[in-house]
Amino acid sequence: MVAFVTSSSNLNGLVHKFDSSGKFYSLDRRIARLCRSNIPRNRKVWYSSVVSDNQNTRQTTTTTSSNEHFIPTQNNENVDKQLRPVVPILMGSGADIDRCQKIADACKRLGLDAEMRVASAHKIPERLLDIVKAYEADPRPKVYIAVAGRSNALSGVLDCAVSSPVISCPPYSDSFGGADLFSSIRMPSGVAPAYISEPGSAALFAAKILAIYDERIREKVQELQAANRERLYVEDVDLKTKSYIPMIRSQRENCLSITSLPGNLSKKQGKVRDQYEGKDYLVLITTDRQSAFDRVLASIPFKGQVLNRTSAWWFERTKHIIPNHLVAVPHPNVTIAKKCQPFPIEFVVRGYITGSTETSLWKNYEKGVRNYCGITFPDGLLKNQKLKENVLTPTTKEENDRPISPEEIVAEKWMTREDFEYCKRAALELFSFGQKVAKEHGLILVDTKYEFGRDKDGNILVIDEMHTPDSSRYWLAHSYEERMSQGKEPENIDKEFLRLWFRDHCDPYHDAVLPQAPEELVVELSRKYIMLYELITWQNFLCDVSGNATRSLWEAVKPYC
């Protein structure tokens, strides 16, 4: 809590006490005298008179010569000594409250305090001037926003009465077929309010002005502008990938769902990948199979190509952190990899608390679990909230994976302490790098899983896949803060809508035969996989539509077998 001392040569002073929201309250004269006695003698002060809005008492406000610092109260509380800027929003009548609220909400997102007042320049000009005088005596940096239509005298009168910038943001008016532009922009000489018609833009302009005083506001402005750029980039890729729909639809019956290579290669079939063991290398074929609920739900055109190419893109860009198993990508669905002995632990790294499965961090936290994988989480976290720091929450690679702490990993002899610490460091560095790149591309890398193995020379490598739509969760960055403030789920690009369809139309855990996924859902999921690939890599997705999948695969991998 901080206080401003008010004083005058012929009047007893009052103290205006400001709380963290920027609102102020009057204290009695005894406290005023006490506070005045504690003003440093060597600090120059000046006084300006104001007329109280709700009293017949004249008040004057004392500020420091720099006009940049609060005067602390006697209890020596730790207060932010920089004055917090404010945006007074003045409206001609209560009919403008909705528009003013939009401006206030936009100010809040930019880290600005906003205070709304009703005062008509036509009907109660003396009231308007009283309010203005009180604000002018308030030492906080400020920008005024005036909201009045038809004959917009409010912004003109306000601009003549204050020394701070004034923005006119008149409401829509049926009488003029829109906002009353004429009276808002044609001001007499010497009267200079700015005119901005969109509420959010008016708040942004105010923030850019007040950013001169407050670096935190400058950072908020930069974040907003970055979000606007990210939104446009996402909209462009979204629109562009919609042009792929006819091609996706044409490949519905040409998905790579089953592989069978000639020769005596040993084959292991996973949910999505088929692994063939050659003499010196592994052949990993990423199919178009879509898995969930521990089974295959459908085949999604081009999904395998997206996953394989995304992993290759990330492997190439993270070699400075840790070497990987990638040898070559001779086919869009194929990775030639070094043979490694995998560690039986999945390294799950999280930057946010979220998830919907029973083993997810959020579901456990929601049930009251506060110690998860050896990490203690504080009370009061919200779903989808960013964690204070990235955390590693390992799981075992068993028939039913289970979360496990680092101490248990070593005690149960899943890994040695030395190997675990090496992989932990690499996993956290990979994730931090992935988050940085994702942010530059308009995305949030929420969480992911890494797998590690040891090659024949004893080196530990990162293996399997990296930062793909199957192994990672991505959100759209530009809308995250706004949706969190509204209690909404972040915007994502993933397979959840297909999972929900099956959950609504069958029992995917127990039914022997599942219904066929609707074509429109399959096509849309394929488009979203391609969209995410282009957002992550900033590269065009070049689709391989070769007819004989098995033949083309064998021709590609034969040199390595």
Side-chain angles (χ1 to χ4, degrees), residues 237-238 240-260 269-276 283-315 326 329-335 337 443 445 448-449 464-474 492-502 508 514-537 539-550 552-553 556-557:
V237 176
D238 184 44
K240 176 186 172 188
T241 54
K242 286 178 180 177
S243 68
Y244 300 163
I245 289 177
M247 176 195 61
I248 295 171
R249 201 182 302 277
S250 71
Q251 296 298 306
R252 279 279 284 119
E253 304 302 323
N254 195 31
C255 292
L256 181 61
S257 302
I258 300 174
T259 69
S260 179
Q269 181 170 314
K271 294 174 185 176
V272 175
R273 285 178 178 79
D274 292 347
Q275 175 181 302
Y276 292 85
V283 177
L284 305 176
I285 303 177
T286 308
T287 71
D288 295 328
R289 297 191 294 263
Q290 181 67 59
S291 69
F293 310 109
D294 295 324
R295 63 194 300 178
V296 175
L297 301 181
S299 291
I300 309 299
F302 305 112
K303 179 200 168 185
Q305 296 183 31
V306 166
L307 298 184
N308 198 57
R309 290 177 175 180
T310 301
S311 271
W313 190 87
W314 282 109
F315 280 140
L326 180 65
V329 182
H331 183 280
N333 292 82
V334 176
T335 289
L443 298 167
L445 178 58
T448 194
K449 63 98 176 172
D464 193 51
E465 61 183 325
M466 185 183 294
H467 299 165
T468 70
D470 271 15
S471 68
S472 311
R473 194 189 317 262
Y474 288 95
N492 57 54
I493 306 176
D494 62 21
K495 61 187 178 185
E496 186 64 20
F497 67 91
L498 187 66
R499 286 167 49 91
L500 294 176
W501 185 89
F502 277 95
L514 299 181
Q516 187 173 357
E519 180 179 352
E520 292 306 316
L521 292 186
V522 169
V523 169
E524 179 62 12
L525 184 54
S526 174
R527 185 186 75 85
K528 288 196 170 185
Y529 269 103
I530 296 172
M531 178 180 171
L532 192 53
Y533 171 83
E534 295 198 352
L535 286 173
I536 292 171
T537 66
Q539 295 176 359
N540 293 327
F541 182 72
L542 303 176
C543 306
D544 186 329
V545 292
S546 54
N548 191 325
T550 300
S552 64
L553 284 172
V557 306

So which heavy atom on T310 is nearest to which on Y533, and how close? OG1-CD1, 3.3 Å
Quick check: do T287 and S257 have side-chain heavy atoms less than 4.5 Å from each other? no
Could you tell me whether the side chain of T335 and the main chain of V329 form a donor-acceptor pair under 3.5 Å? no
Would you tell me whether S299 and D288 have side-chain atoms, one donor and one acceptor, within less than 3.5 Å of each other? no
Distance from L256 atom CG to N308 atom CG, nearest 0.5 Å? 10.5 Å
Of all heavy-atom pairs between T448 and S472, which one has the smallest distance, and what is that distance? OG1-OG, 2.6 Å
Rounding to 0.5 Å, atoms CZ (R273) and CG (L307) come to a distance of 6.0 Å
Using modelled atom types only, decide if a donor and an acceptor are shared between the side chain of R295 and the backbone of P508 within a distance under 3.5 Å. yes
Could you measure the distance from the CD1 atom of I493 to the CE atom of M531? Nearest 0.5 Å is fine. 4.0 Å
Tell me the closest heavy-atom pair linking R289 and G270, and the distance in Å. NH2-O, 3.0 Å
Residues at least two apart in sequence or cross-chain that pass side-chain contact (heavy atoms from CB on, under 4.5 Å) with A517, listed by chain then number, are A298, L498, F502, V522
I'd like to know if the side chain of K303 and the backbone of T286 have a donor-acceptor N/O pair within less than 3.5 Å. no
I need the Q290 CD to K495 NZ distance, nearest 0.5 Å. 5.0 Å
Within 6.0 angstrom of Q539 CD, more than 12 heavy atoms from elsewhere: yes
Holding to salt bridge (Lys or Arg N to Asp or Glu O under 4.0 Å), I want the full list of residues that pass it with R527, two or more places apart in sequence or in another chain. D238, E524
Just so I know, are the side chains of I536 and W314 near enough to count as touching, which here means a heavy-atom distance under 4.5 Å? yes
Gap between atom CD1 of I248 and atom CD1 of I530 - 0.5 Å precision: 4.0 Å
Tell me if the CD atom of E519 is crowded by more than 12 foreign heavy atoms within 6.0 Å. yes
Quick one: does R252's side chain have a donor or acceptor within less than 3.5 Å of a partner on V523's backbone? no
Ignoring hydrogens and angles, tell me if any N or O in the side chain of R309 forms a donor-acceptor pair with the backbone of L542 under 3.5 Å. yes
Does D274 use its side chain to pair, donor to acceptor, with the backbone of I285 at less than 3.5 Å? no
For V296, is there any backbone N or O sitting under 3.5 Å from a side-chain donor or acceptor partner on K271? no
Quick check: do W501 and P515 have side-chain heavy atoms less than 4.5 Å from each other? yes
Listed by chain and number, what are the side-chain hydrogen bond (donor to acceptor under 3.5 Å, both in side chains) partners of Y474, not counting sequence neighbours? none
To the nearest 0.5 Å, tell me how far F302 CZ sits from L525 CG. 13.5 Å
Does a donor on one side chain sit under 3.5 Å from an acceptor on the other, for Y529 and Q305? no
Identify the heavy atoms of P469 and V306 that sit nearest to each other, and give their distance. CG-CG1, 4.4 Å
Do L443 and L532 come close enough that some side-chain heavy atom pair is under 4.5 Å? yes
Non-hydrogen atoms of P330 and V334 that approach each other most closely: CD-O, 3.8 Å
Is a side-chain donor or acceptor of S311 paired with a backbone partner of M466 at a separation under 3.5 angstrom? yes
